[in-house]
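Heavy-atom basis, side chains included; hydrogens, waters and symmetry copies ignored.
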Amino acid sequence: MLFNSYEFIFLFLPLTLAGAIYLGRRKEPWLVTAWLNVASLFFYGWWNPSYLWLIVSSIAVNYLIGRRLLKDGAGQSEKKWTLAAGIGVNLTLLGYFKYANFFVENWRALADSELQPVPIILPIAISFFTFTQIAYLVDAYRGEAQDNNFLRYSLFVTFFPHLIAGPIVHHRELIPQFARKGLCRFRTKAVAVGVTIFFIGLFKKVVLADGVAQYSTPVFDAARDGAILSFIDAWGGALAYTFQLYFDFSGYSDMAIGLSLMFNVRLPINFDSPYKATSIIEFWQRWHITL
């Protein structure tokens, strides 16, 4: 389910927000976190329900490893091995889905093998929720992750505004917000600002990014088919794509930030006018900042 889809804007978002605000009035944060967990898992499973087991299993395993790392009686050596095992499990999972067929194809080419690629469909957002949880395990090892409530941890990973395309958030930025009694309490200003930022992001995505794509896509398609491009066409397509990429990515980040504000949750800024940068270093400090 995309942020700019009719299903999201006219069904999922209003129902999820209404449910969260209703439960938020009861001043029981766990009810709101439980509701948002269910909504976020539904949001994730909309694309491919068969991969719900993957994210749920990943959350459960990492939560248990985190609890082990936070255990008072655990020795330093035990914690090191536990952390190494946790990182290993996460990277193995990520490596299988993202790179298994890459290695199979290379092995076939190098060894003239008849080994066939594995029929794998890449789970959406697997990189985001894997690296988010690895960072949590490292902080748990360092003793910097104190809150071990399962509902809050699960929502930290699955919270639908940032789940698919970021911003990438640290547990210190989200979990304490989920523990507040004011979570999802209706605040006119927060909702108004959130809706405004969401529609700015929606404009970037639907009007600017998709509009510029009409100029970049034909150029890249022609190059793929072996056409000889003129100087103007080549540079025009390349420049159009830079703006398409920026407006698409920053638009999604703006929509995520706006959506979170509607639920009285703040996400960090992810883009700061990167094309105004005067050096490559400054550019990467302004582009996908949370990474």
**Q** Between atom CG of N48 and atom CG of L54, what is the distance when rounded to the nearest 0.5 Å?
**A** 10.5 Å
**Q** Using only atom types and a distance under 3.5 Å, with no angle test, would you say the side chain of W35 pairs donor to acceptor with the backbone of L23?
**A** no
**Q** Does the E173 side chain pair with the main chain of H170, one donor and one acceptor, at a distance under 3.5 Å?
**A** yes
**Q** For residues W81 and L64: do they belong to one hydrophobic cluster (side chain heavy atoms under 4.5 Å, members Ile, Leu, Val, Met, Phe, Trp, Tyr)?
**A** no
**Q** Using ring-ring contact (aromatic ring centres under 6.0 Å, His included), reason through F159 and F178 one step at a time and then give a plain yes or no.
**A** CA-CA 10 Å; F159 190 44; F178 296 148; 5.5 Å; yes
**Q** With a 4.5 Å limit on heavy-atom distance, are the side chains of S260 and R266 in contact?
**A** no
**Q** Side chain of Y44, backbone of I124: donor and acceptor closer than 3.5 Å?
**A** yes
**Q** So L163 and I55, do their side chains get closer than 4.5 Å, heavy atoms only?
**A** yes
**Q** Closest approach of L267 and P161, non-hydrogen atoms and distance?
**A** CD1-CB, 4.4 Å
**Q** Examine L41 and F128 and state if one hydrophobic cluster contains both, with Ile, Leu, Val, Met, Phe, Trp and Tyr joined whenever side-chain heavy atoms are less than 4.5 Å apart.
**A** no
**Q** Could you tell me whether a side-chain N or O of R286 sits under 3.5 Å from a main-chain N or O of P274, the two making a donor and an acceptor?
**A** no
**Q** Distance check, rounded to the nearest 0.5 Å: I168 atom CD1 versus N270 atom CG?
**A** 7.5 Å
**Q** Closest approach of T16 and A39, non-hydrogen atoms and distance?
**A** CG2-CB, 3.7 Å
**Q** At what distance, to the nearest 0.5 angstrom, does CH2 of W46 lie from CZ of F12?
**A** 10.0 Å
**Q** For the side chain of T132 and the backbone of F129, is there at least one donor-acceptor N/O pair under 3.5 Å apart?
**A** no
**Q** To the nearest 0.5 Å, tell me how far F247 CZ sits from T242 OG1.
**A** 9.0 Å
**Q** Do D233 side-chain atoms and L229 backbone N/O form a donor-acceptor pair below 3.5 Å?
**A** no
**Q** Looking at NE2 of H171 and CG of D139, how far apart are the two atoms once the value is rounded to the nearest 0.5 Å?
**A** 3.5 Å
**Q** We want to know whether N37 and S154 form a side-chain donor-acceptor pair, criterion being a heavy-atom distance below 3.5 angstrom.
**A** yes
**Q** Counting distance only, does the side-chain N/O of R180 pair as donor-acceptor with the main-chain N or O of N264 below 3.5 Å?
**A** yes
**Q** Looking at Q76, K80, K79, which hits side chain to side chain donor-acceptor pair (under 3.5 Å) with Y141?
**A** Q76
**Q** Please answer whether the main-chain N or O of A140 pairs with a side-chain N or O of E144 as donor and acceptor at a distance below 3.5 Å.
**A** no
**Q** Is there a path of hydrophobic side-chain contacts, each under 4.5 Å between heavy atoms of I, L, V, M, F, W or Y residues, that connects F263 with F199?
**A** yes
**Q** Mind telling me whether F8 and F3 have parallel, tilted or perpendicular rings, with 30° and 60° as the class edges?
**A** tilted
**Q** For M1, is there any backbone N or O sitting under 3.5 Å from a side-chain donor or acceptor partner on S5?
**A** no
**Q** Do you reckon F131 sits in the same ILVMFWY cluster as L155, going by side-chain contacts under 4.5 Å, direct or chained?
**A** yes
**Q** Please table the atom pairs, donor to acceptor, closer than 3.5 Å between any side-chain atom in residues 211-220 and protein atoms at least two apart or in another chain.
**A**
{"from": "S216", "atom 1": "OG", "to": "Q244", "atom 2": "OE1", "distance (Å)": "2.6"}
{"from": "T217", "atom 1": "OG1", "to": "A213", "atom 2": "O", "distance (Å)": "2.9"}

**Q** If you take all heavy atoms of T290 and P268, which pair is closest and at what distance?
**A** CG2-CG, 3.6 Å
**Q** Which heavy atom of Q133 sits nearest to which heavy atom of I59, and what is that distance?
**A** OE1-CA, 3.4 Å
**Q** Quick one: ring-ring contact (aromatic ring centres under 6.0 Å, His included) pairs with a partner in residues 48-79, sequence neighbours left out?
**A** Y51-F97, Y63-F150, Y63-Y153
**Q** Kindly check if the number of other-residue, nucleotide or ligand heavy atoms within 6.0 Å of CG (L52) is above 12?
**A** yes
**Q** Run V265 and L259 through side-chain contact (heavy atoms from CB on, under 4.5 Å) and show every step you take.
**A** CA-CA 9 Å; V265 174; L259 288 168; over 6 Å; no
**Q** Quick check: do T82 and L137 have side-chain heavy atoms less than 4.5 Å from each other?
**A** no
**Q** Begin from the C-alpha positions of F156 and V169 and carry the test side-chain contact (heavy atoms from CB on, under 4.5 Å) through to its verdict.
**A** CA-CA 8 Å; F156 153 65; V169 289; 4.2 Å; yes
**Q** Between atom CG of N62 and atom CG of L69, what is the distance when rounded to the nearest 0.5 Å?
**A** 10.0 Å
**Q** Is the side chain of N149 donor-acceptor paired with the backbone N or O of L151 at a distance under 3.5 Å, no angle test?
**A** yes
**Q** Does atom CZ of F283 have more than 12 heavy-atom neighbours from other groups under 6.0 Å away?
**A** yes
**Q** Grouping I, L, V, M, F, W and Y whenever their side-chain heavy atoms are under 4.5 Å apart, do V206 and V195 come out in a common cluster?
**A** yes
**Q** Restricting to pairs with a member in residues 200-219, which pass salt bridge (Lys or Arg N to Asp or Glu O under 4.0 Å), not counting sequence neighbours?
**A** K204-D254, K205-D210, K205-D248
**Q** Any salt bridge linking K71 with E78? Criterion: basic side-chain nitrogen under 4.0 Å from a carboxylate oxygen.
**A** no
**Q** Is the ring pair W287/Y275 parallel, tilted or perpendicular, if the boundaries are 30 and 60 degrees?
**A** tilted
**Q** Could you tell me how the ring of W235 sits relative to the ring of F231: parallel (under 30°), tilted (30 to 60°) or perpendicular (over 60°)?
**A** tilted
**Q** Taking all non-hydrogen atoms of both residues, which atom of V157 and which atom of H162 are closest, and how far apart?
**A** O-CE1, 3.8 Å
**Q** Which atom names give the shortest non-hydrogen contact between M262 and L13, and what distance separates them?
**A** SD-CD2, 4.3 Å
**Q** Just say parallel, tilted or perpendicular for the rings of F249 and H288, cut-offs at 30° and 60°.
**A** perpendicular
**Q** Should L261 and F198 be marked as a side-chain contact (heavy atoms from CB on, under 4.5 Å) after you check the CA-CA gap, both sets of side-chain angles, and the distance that decides it?
**A** CA-CA 9 Å; L261 277 176; F198 175 80; over 6 Å; no
**Q** Using 4.0 Å as the upper bound for N to carboxylate O, is an ion pair formed by K276 and E282?
**A** no
**Q** Would you indicate whether the side-chain heavy atoms of Q285 and I289 approach each other to under 4.5 Å?
**A** no
